[in-house]
Peer 1: 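My structure is below; once you've seen it, I'll send some questions.
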There are 2 protein chains.
Amino acid sequence: MPSTGTPRGPYRTGIRRREQIVAVAIEVFGELGYAGGSIRTIADRVGVSHATLLQHFGSKEGLLTAVLEEWDRRAFENGLSDVSGLDYFRRLPQATTAASGNRGLQELFTTMAAEASSPTHPVHAFIQRRYANQFATLAAHLQRAVDAGDVAPLTADQIDLEVRLVTAVLDGIGLQWLLDPSTDVTASVQTYITRTIAAWRASGRAARINRHTKSTPTRRG
Amino acid sequence: MPSTGTPRGPYRTGIRRREQIVAVAIEVFGELGYAGGSIRTIADRVGVSHATLLQHFGSKEGLLTAVLEEWDRRAFENGLSDVSGLDYFRRLPQATTAASGNRGLQELFTTMAAEASSPTHPVHAFIQRRYANQFATLAAHLQRAVDAGDVAPLTADQIDLEVRLVTAVLDGIGLQWLLDPSTDVTASVQTYITRTIAAWRASGRAARINRHTKSTPTRRG
DNA sequence: GTCTATAAGGGGATAGAC
DNA sequence: GTCTATCCCCTTATAGAC
């Protein structure tokens, strides 16, 4: 494995080609699914032979792995790395809309998640891990909001449920946007987030009155 | 096309076989997708040759059409036909949970919806029509709730947004349940519906004060 | 109504030339 | 690094026997 530094020398062409193939593979797997998207179709769109493709990735599943790694890599570029706690949720509407800018990745995600429901599918474990990470991230931010006193106390089960609902809304609206690009992703997510934060706070009002003497929330973010 | 009455005479065996094939096809297409599920796999599970299958449905796409028709048919058996208005939404948690009893159909729905995002896919039009129907049904019930005075007035755009959010939650939680069957579908949907109805009502309180002289809501359901 | 046999093409993967 | 040629399996679909 070469280092991930700047490509140089004789590897430059190969690395560029690799990136190009992965980019096209994201599109094709997104459009046709992993089962339906053939390496020949991908190779044709890139403008190379299918043998070249296999030379780079060894097998179709090797290409899939590269695609998923690229997906993971881009998942961090969501514009949410600089916020935490309740602000994380407040930024979700615009972050989700920005992500919709890349239709290929959204298609890939939706198609893979659906295909992966079968435990024998090659991306089953990957998708489960990705959801676990998503839940953990959201749960951590919601817990921070609780600790900061921004919202009412929540049990671990309640946090889990809230986190799953947020994820469901993001996934469901994303799917609707795929099927009908005129779908207003921002408005939908914004409405959900605003209403949910209000609910988190409202149920906190009564609780906060009963504990106004202890645990002064000082730090934020 | 034969009538849909009770099968009798020489057709009985053929019709039973047809139903059996469709049932298995729902499972296979759900697990592997339309592209990934071959008619040979379906035929093997049924215990017949793949030629028999093509004899009944003409082509793979013919079988898919039969599957989608069966799906449409079962969609009416959701236990929601006897409620309307706000009660329709109140019953969604248990209705959704009951639907989860049939994993095959849930898988089929999720897989097809994802695959269908590409406009060239054979089920693209079907899925779009199905979503349109879903939105129309939910919108009609929410409008009834508004007319009955159960919730605050909503514009057409607001109703559309609410309906899409409900659908997103149902789809998203359904997907989570597929990936992890220990997911508590009822609790998630129940939480969302309860909170949402409360929000629909709360925003109505202020409005209702301003119009307490006009439009007395009398009829319900 | 169901089968076997077969056609015709696409799929993933490998070998070897350039 | 990329190509052509090839292998072999799986796919959909058809033809015709039983």
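Keep in mind it's a predicted model, so treat the numbers as computed, not measured. Residue numbers begin at 1 in each chain, while the letters A, B, ... track the order of the sequences.
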Peer 1: Rounded to whole angstrom units, what separation is found between the CG atom of Leu63(A) and the P atom of dA13(C)?
Peer 2: 10 Å
Peer 1: Flag the pair Arg195(A) and Glu162(B) as a salt bridge only when some basic side-chain nitrogen lies within less than 4.0 angstrom of an acidic carboxylate oxygen.
Peer 2: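 A salt bridge links Arg195(A) with Glu162(B).
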Peer 1: All N/O contacts under 3.5 Å from nucleotides 2-5 of chain C to the protein, with atom names and distances to one decimal?
Peer 2:
{"residue": "dT2(C)", "atom": "OP1", "partner": "Arg17(B)", "partner atom": "NE", "Å": "2.9"}
{"residue": "dT2(C)", "atom": "OP1", "partner": "Arg17(B)", "partner atom": "NH2", "Å": "3.4"}
{"residue": "dT2(C)", "atom": "OP2", "partner": "His56(B)", "partner atom": "NE2", "Å": "2.9"}
{"residue": "dC3(C)", "atom": "OP2", "partner": "Ser49(B)", "partner atom": "N", "Å": "2.7"}
{"residue": "dC3(C)", "atom": "OP2", "partner": "Ser49(B)", "partner atom": "OG", "Å": "3.1"}
{"residue": "dC3(C)", "atom": "OP2", "partner": "Thr52(B)", "partner atom": "OG1", "Å": "2.4"}

Peer 1: With heavy atoms under 4.0 Å as the rule, sort Ile39(B) into base, sugar-phosphate or nothing.
Peer 2: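 Sugar-phosphate contact only - Ile39(B) comes under 4.0 Å of backbone atoms but never of a base.
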Peer 1: Separation of Leu53(A) atom CG from dG10(C) atom C1', in whole Å?
Peer 2: 16 Å
Peer 1: Rounding to a whole Å, what distance do you find between Lys60(B):NZ and dG9(C):P?
Peer 2: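 In whole Å, dG9(C) P lies 19 Å from Lys60(B) NZ.
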Peer 1: Give a yes/no on whether any side-chain N or O of Ser38(A) is located under 4.0 angstrom from OP1 or OP2 of dG10(C).
Peer 2: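 The answer is no; no side-chain N or O of Ser38(A) sits under 4.0 Å from OP1 or OP2.
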Peer 1: dA13(D) P sits how many Å from Ile42(B) CD1, rounded?
Peer 2: 12 Å
Peer 1: Would Arg73(B) and Glu69(B) pass as an ion pair if we require N to O under 4.0 Å?
Peer 2: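 Looking at Arg73(B) and Glu69(B), the cut-off is not met.
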Peer 1: Rounded to the nearest Å, what distance is computed from the CG atom of residue Leu64(B) to the P atom of nucleotide dT11(D)?
Peer 2: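 Atom CG in Leu64(B) sits about 17 Å away from atom P in dT11(D).
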Peer 1: Flag the pair Leu64(B) / Phe57(B) as yes when at least one side-chain heavy-atom distance between them is below 4.5 Å, and no otherwise.
Peer 2: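 Not touching, per the 4.5 Å side-chain cut-off.
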Peer 1: Using the side-chain hydrogen bond (donor to acceptor under 3.5 Å, both in side chains) criterion, which residues pair with Thr97(A)? Sequence neighbours excluded.
Peer 2: Thr186(A)
Peer 1: Please determine whether a side-chain nitrogen of the Lys or Arg among Arg91(A) and Asp82(A) lies less than 4.0 Å from a carboxylate oxygen of the Asp or Glu.
Peer 2: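 Here Arg91(A) pairs with Asp82(A) in a salt bridge, since their nearest N and O are under 4.0 Å apart.
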Peer 1: Taking OH from Tyr34(A) and C1' from dG11(C), how many angstroms apart are they, rounded to a whole number?
Peer 2: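 In whole Å, dG11(C) C1' and Tyr34(A) OH are 12 Å from each other.
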Peer 1: Would you kindly give the CG-to-C1' distance between Leu32(A) and dG12(C), to the nearest whole Å?
Peer 2: 16 Å
Peer 1: Side chains of Thr96(A) and Trp177(A): closer than 4.5 Å at any heavy-atom pair?
Peer 2: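 Thr96(A) vs Trp177(A): side chains apart.
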